[in-house]
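Written out below as structure tokens is the structure these notes cover.
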Amino acid sequence: MSMEPQNNEYREQRLQSMKALEEMGFAPFGRKYDHKDLARVREEFVEGETVRVAGRLLMIRRMGKMNFCTMNDGTGRFQAIFKRDELPEAQFAAFKQLNLGDIIGVEGTLFTTQRGEKSIVCKEWTMLAKALEQPPEKFHGLADQEEKYRRRYVDLMTNDESRERFFMRSNIIKETRKYLWDKGFCEVETPILQSQAGGAAAKPFETHFNALDQKMVLRIAPELYLKRLIVGGMNKVFELGKDFRNEGIDRSHNPEFTVLEVYEAYGDRTSMENIIEGLIPHLCDTVVGTRRIEYGEAKEIIDFTPPYRRVAYKDLVKELMGEDWFGLEFPVQLEKAKALAREKEVNLELDGVETELMLTHEIYDKMIEKNLRQPTFVTRLPHEFVPLAKACEDDPSLVDVFEFVVGGRELCPGYTEQNNPLEQRKALEHQAGEDTEKIDEDFISALECGMPPTGGLGIGVDRLVMLLTGCDGIRDVVLFPQMKKA
RNA sequence: GGGAGCGUAGCUCAGCUGGUAGAGCAAGUGACUCUUAAUCACUGGGUCCAGGGUUCGAAUCCCUGCGCUCCUACCA
């Protein structure tokens, strides 16, 4: 657990081996080495061809005059063979000084063993980097969660699965950009360092700007700046970047996380539904290789083939509680909910629940959303839950938004954005309460210049990656998750 | 925030009602020219997370601290 260099028998031995190599004329830390990726060597394997490869020694099977090593260069594993017959005497002798974890370059000829293992028979090898630290056990790899997160490089070098997951994350981000660029969206960058935090209800991280002697915050959402761009006539924009929220850490929350926000002028929430219905299948096709993804411990199959179900919040509630639900008296509703909860063995939290709205929402939370396994847009939510969004045209008590639910969890919301500056001010003032300083006057002022009707979308990229890689913890898809100082 | 659990060799883990610390892998030496979690023989390796307490005696029991994990609550 110590972060200081190990000072043990391994380190001593390796320092000695380093010295021995130097004395034999092998510089323990090499320079640029032109080579072919191991994955390509395997793919384009030609018996007898001479190639140069490089990588870390993962396993060494010493048999005296013929030795087998498993190398790993980050693209894949490959076997290298060190035979006395095939190597200059000095090279064969120096081979004995190699340890697990060392990085070497190998020049040799491609060869298939009797057991059919594609290999390279070494003719000449080069020391590229000596490892002074002993790598983790070859079979289990690094298993300790804490150590995996704190020393991700050790996790990456030993666990192929972990490394592949992060390459997959990189591809998801690349293909997300590509998809949006191809649809005519413009990628922008807005301030992360802001004088006031807006666009979400969350505690910001605070910092101090010395030159201006001014308190600053890290953004909690890019929303308000992106809408300014819509006002300015950048009609289709997106930003892919980090938000920071000064709140707790758990399996689905990291204080710094990656978000994608998309805004489309002259659109509405349905424009955003179309983007999700296009983007997610695109990611499935280009990155995952299937639209049917295994999810959770139960290995439940989630099918991302569009179109996705669209259903109004109230219709979902009626499906469960009966067509007449919203006409019933509150005490009747309460009894009915309790009875159903008992039947389904669900624990409803009813303390302080005094209205139809609150009760209905508790029912939705505990008994409806969890059962929406396949991709679903839940639309037409009560105004109270999303106070800043634009009301539905035909019913001012509802807002024209969706929550996109997959696997029983909300993945992302989409909005028909509020473009009436008077309504927006009212809503913001209501939210801010006493704290009127919290209102971003410049943002209101932007709206007063006239913002076209607009659809907006915000996706937690980490959670999207979790879904597509079948992980159930955010720390498994963030390279260096936030940890307490050890 | 509330609850439960964990921290032992480089790594993965055993260690019962308290009696001077164990295995596998890894390492060192030796044998072996088709191994692949190679095999075989011998050898070395520990601040039992840190600090305090109980005890003749603590990895083990108690307290405090640090870190992690799980459940639960909160979270546009």
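None of the values given here were measured: they were computed from a predicted structure. All heavy atoms count here, side chains included; hydrogens, waters and symmetry mates do not. Chain naming here is simple, since letters A, B, ... match the order of the sequence lines and numbering starts at 1 in each.
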Problem set entry | Between rA76(B) (P) and His253(A) (NE2): distance, integer Å | 9 Å

Which protein N or O atoms sit under 3.5 Å from an N or O of nucleotides 45-50 of chain B?
{"residue": "rG45(B)", "atom": "O2'", "partner": "Glu9(A)", "partner atom": "OE2", "Å": "3.4"}

Exercise. Got a sec? Which of residues 378-393 of chain A come in under 4.0 Å of RNA chain B, heavy atoms?
Worked result: Leu388(A)

Exercise. Which part of the nucleic acid, if any, lies within contact of Lys203(A), taking any heavy atom under 4.0 Å across all strands shown: a base, the sugar-phosphate backbone alone, or nothing?
Worked result: nothing

Exercise. Rounded to whole angstroms, how far apart are CD1 on Ile249(A) and C1' on rC74(B)?
Worked result: 15 Å

Exercise. Whole-Å distance between rC11(B) P and Lys148(A) NZ?
Worked result: 15 Å

Side-chain polar contacts of residues 379-388 of chain A - donor-acceptor pairs under 3.5 angstrom, sequence neighbours left out - could you list them?
{"residue": "Thr379(A)", "atom": "OG1", "partner": "Val311(A)", "partner atom": "O", "Å": "3.4"}
{"residue": "Arg380(A)", "atom": "NH1", "partner": "Asp394(A)", "partner atom": "OD1", "Å": "3.2"}
{"residue": "Arg380(A)", "atom": "NH2", "partner": "Asp394(A)", "partner atom": "OD1", "Å": "3.4"}
{"residue": "Arg380(A)", "atom": "NH2", "partner": "Asp394(A)", "partner atom": "OD2", "Å": "3.4"}

For this session: Name all residues meeting the ring pair (Phe, Tyr, Trp, His ring centres under 6.0 Å) criterion together with Phe95(A); count only those two or more places apart in sequence or in a different chain, and write none if there are none.
Result: Phe82(A)

Exercise. Distance check: side-chain N/O of Asn347(A) vs OP1/OP2 of rU72(B), anything under 4.0 Å?
Worked result: no

Problem set entry | Whether Asn99(A) side chain and Asp102(A) backbone form a donor-acceptor pair below 3.5 Å | no

Exercise. Can you list, by residue number, the residues of residues 457-484 of chain A that have a non-hydrogen atom closer than 4.0 angstrom to RNA chain B?
Worked result: Arg475(A), Met483(A), Lys484(A)

Exercise. Counting side-chain heavy atoms from C-beta on, which of rC34(B), rC68(B), rC13(B) comes nearest to Gln114(A)?
Worked result: rC34(B)

Seminar exercise, completed: Hits for ring pair (Phe, Tyr, Trp, His ring centres under 6.0 Å) against Phe78(A), two or more places apart or cross-chain, chain-then-number order -> none

Exercise. For Glu239(A), what residues pass the salt bridge (Lys or Arg N to Asp or Glu O under 4.0 Å) criterion, not counting sequence neighbours?
Worked result: Arg219(A)

Problem set entry | Any residue meeting side-chain hydrogen bond (donor to acceptor under 3.5 Å, both in side chains) with Lys366(A), in chain and number order, not counting sequence neighbours | Glu362(A)

Problem set entry | Within residues 45-67 of chain A: residues closer than 4.0 Å to RNA chain B (heavy atoms) | Met59(A), Arg61(A), Arg62(A), Met63(A), Gly64(A), Lys65(A), Met66(A)

Problem set entry | Rounded interatomic separation in angstrom, taking NE2 from His140(A) and C1' from rA23(B) | 12 Å

Problem set entry | Nucleotide nearest Asp85(A) when distance is taken to its side chain, options rA27(B), rU35(B), rU33(B) | rU33(B)

For this session: Tell me the partner of rA38(B), counting only Watson-Crick (N1-N3 plus N6-O4 or O6-N4) or G-U wobble (N1-O2 and O6-N3) with both under 3.5 Å; none if nothing fits.
Result: none

For this session: Counting Watson-Crick and G-U wobble pairs only, both distances under 3.5 Å, name the nucleotide matched with rA23(B), or none.
Result: rU12(B)

For this session: Output all residues satisfying ring pair (Phe, Tyr, Trp, His ring centres under 6.0 Å) with Tyr313(A), sequence neighbours left out; order by chain, then residue number.
Result: Tyr364(A)

Exercise. What nucleotide among rC34(B), rU12(B), rU36(B) has an atom nearest to a side-chain atom of Phe68(A)?
Worked result: rC34(B)

Exercise. Looking at residues at least two apart in the chain, or sitting in another chain, which of them share a side chain to side chain contact (heavy atoms under 4.5 Å, CB included) with Glu300(A)?
Worked result: Tyr295(A), Arg373(A)

Problem set entry | Contact summary for Arg62(A) and Leu98(A), nearest pair of heavy atoms | NH2-O, 2.7 Å

Exercise. Nearest of rC34(B), rC68(B), rC70(B) to any side-chain atom of Arg251(A)?
Worked result: rC70(B)

Problem set entry | Protein-nucleotide distance (Glu137(A), atom CD; rA23(B), atom C1'), rounded to Å | 12 Å

Problem set entry | Whole-Å distance separating the CG atom of Asn159(A) from the P atom of rA37(B) | 17 Å

Problem set entry | Interatomic distance where CD belongs to Glu12(A) and P belongs to rG44(B) [whole Å] | 19 Å

For this session: Return each pair, listed once, that meets ring pair (Phe, Tyr, Trp, His ring centres under 6.0 Å) where at least one residue sits in residues 38-65 of chain A; pairs must be two or more places apart or across chains.
Result: none

Exercise. Which of the following nucleotides, rA73(B), rC25(B), rC11(B), is nearest to the side chain of Lys138(A)?
Worked result: rC25(B)

